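The figures here come from the full heavy-atom set of this structure, side chains too, leaving out hydrogens, waters and symmetry mates. Nothing here was measured: the structure is a model prediction, and the numbers come from that model.
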Amino acid sequence: LQIAGLLLGGVGMVGALAATAMPQWRVSAYVDGNIVVFETIWEGLWMDCISQLGIRLQCKFYDSVLALPPPLEAFRALMCVAVVLSVLSFLAAIVGVKYSQRGEQAVSIFILVAGVAFLLTGTLVLIPVSWTGAAIVRDFYDPAVPVPLKRELGAALYVGWGSSALLLAAGAMYCHCWC
C-alpha cells in the first residue's frame, strides 16, 4: 500500500507540475457555426499562446504581475505552493517507506506527514482548477459574454483534476497506513 501510494503521489506530483506549466487552461471556443478556424487561443497561468492553422505557435508571457486579475495571481500562488508541497510530500514518503520497511516505528511519523501533505497538496491543486473550470462553464452559457470571448475547458484543467485525484488517493493511503 505504501509503494502504491508512493507511485500515485509521484505521478500526481508530475501532473501538478505539468498543469502549472501548461498554457491550456482556457481554450478558444468555436460556437455559432463558425467552422473556418484560423487561430486557436490558449490562456494559461503564465502565458497566452496563439496557434495559427496548427502550424505556427506564438506564446507570450504576461508582461506584469501587477496587471493580472487577482484570481489569476491567487491561482498562480496556490499552484506554486502545491508543486513545492508535493515535492516535499514525495520526499517524506520516500523516507517513511524506507524506515517503515526496517520496522522502525519512531521514524514512521514520516508516513503520517506524507499523507497529510499529499491530502493538502491535492486540495491546493483542486481549488484553482475547479474554480477556473466553473468560471469557464459559467461564462460559456452566459448570453452577456460575447461569442469571441467564450472559452472551453483546456487540457491543463483535466491534468489538474487527475493529479489532484492521485494526490488525494496517495494521501488517503498513507494516512491509512499510519493508522
Side-chain angles (χ1 to χ4, degrees), residues 8-87 89-90 116-173:
L8 291 178
V11 173
M13 175 185 65
V14 171
L17 178 62
T20 303
M22 290 172 70
Q24 295 101 345
W25 279 60
R26 297 173 183 260
V27 178
S28 56
Y30 303 108
V31 291
D32 288 344
N34 184 7
I35 60 170
V36 180
V37 180
F38 292 107
E39 292 182 342
T40 303
I41 299 171
W42 299 339
E43 298 172 7
L45 294 177
W46 307 99
M47 67 181 91
D48 287 338
C49 296
I50 296 177
S51 173
Q52 297 171 341
L53 294 173
I55 298 171
R56 187 173 177 198
L57 179 67
Q58 293 179 328
C59 293
K60 183 176 186 299
F61 285 97
Y62 297 125
D63 292 330
S64 172
V65 175
L66 300 175
L68 296 175
L72 185 60
E73 291 178 23
F75 296 161
R76 276 180 161 190
L78 282 174
M79 291 301 288
C80 289
V81 168
V83 167
V84 170
L85 191 57
S86 69
V87 171
S89 316
F90 188 71
V116 170
F118 275 134
L119 288 173
L120 182 60
T121 302
T123 306
L124 286 177
V125 171
L126 189 61
I127 291 169
V129 170
S130 296
W131 195 303
T132 302
I136 291 170
V137 170
R138 183 194 65 228
D139 291 344
F140 188 83
Y141 290 112
D142 186 2
V145 175
V147 173
L149 297 180
K150 292 186 185 283
R151 299 289 183 251
E152 291 181 356
L153 302 173
L157 297 180
Y158 295 110
V159 171
W161 281 316
S163 64
S164 177
L166 293 174
L167 290 165
L168 291 171
M173 286 180 180

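Nearest approach of Met79 to Thr20, heavy atoms of both residues: CE-OG1, 3.2 Å. Closest of all the heavy-atom pairs between Ala117 and Ser89 is CB-OG, 3.1 Å. Of all heavy-atom pairs between Thr121 and Ala82, the closest is CG2-O, 3.3 Å. Taking every heavy atom of both residues into account, Gly15 and Val159 meet most closely at O-CG1, 3.4 Å. Phe75 approaches Pro128 most closely through the heavy-atom pair CD2-CB, 3.5 Å. Here the closest heavy-atom approach between residue Lys150 and residue Asp139 is recorded as NZ-O, 3.5 Å.
Residues meeting the salt bridge (Lys or Arg N to Asp or Glu O under 4.0 Å) test with Arg76, sequence neighbours left out: none. Taking Cys59 as the reference, Cys49 meet the disulfide (SG to SG under 2.5 Å) condition, with sequence neighbours excluded.
For the atom pair CG of Leu124 and CG of Leu119, the computed distance is 11.0 Å after rounding to the nearest 0.5 Å. Rounded to the nearest 0.5 angstrom, Leu78 CG and Leu85 CG are separated by 11.5 Å. Rounded to the nearest 0.5 angstrom, Met13 CE and Leu166 CG are separated by 12.0 Å. One finds the CG atom of Leu153 at 13.0 Å from the CD atom of Gln24 (value rounded to the nearest 0.5 Å). Interatomic distance, CZ of Arg26 versus CG of Leu149, reported as 10.5 Å (0.5 Å rounding).
For the pair Val84/Cys80, no side-chain contact is recorded, criterion being any heavy-atom separation below 4.5 Å from C-beta on. Phe90 has its side chain out of reach of Val14: every pair of non-hydrogen atoms, C-beta onward, lies at least 4.5 Å apart. For the pair Leu72/Tyr62, a side-chain contact is recorded, criterion being any heavy-atom separation below 4.5 Å from C-beta on. The side-chain heavy atoms of Asp48 and Lys60, taken from C-beta on, include no pair separated by under 4.5 Å. In this structure the side chain of Ser28 reaches within 4.5 angstrom of the side chain of Arg151, judged on heavy atoms.
For the pair Ser163 (side chain) and Gly160 (backbone), a donor-acceptor distance under 3.5 Å is present. Ser164 places a side-chain N or O within donor-acceptor distance of the main-chain N or O of Gly122, the cut-off being under 3.5 Å. In terms of modelled atom types and a separation under 3.5 Å, the side chain of Trp25 and the main chain of Val129 share no donor-acceptor contact.
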* To do: Would you sort out whether Trp161 and Leu126 count as a side-chain contact (heavy atoms from CB on, under 4.5 Å), showing the intermediate values?
  => CA-CA 6 Å; Trp161 281 316; Leu126 189 61; 3.7 Å; yes
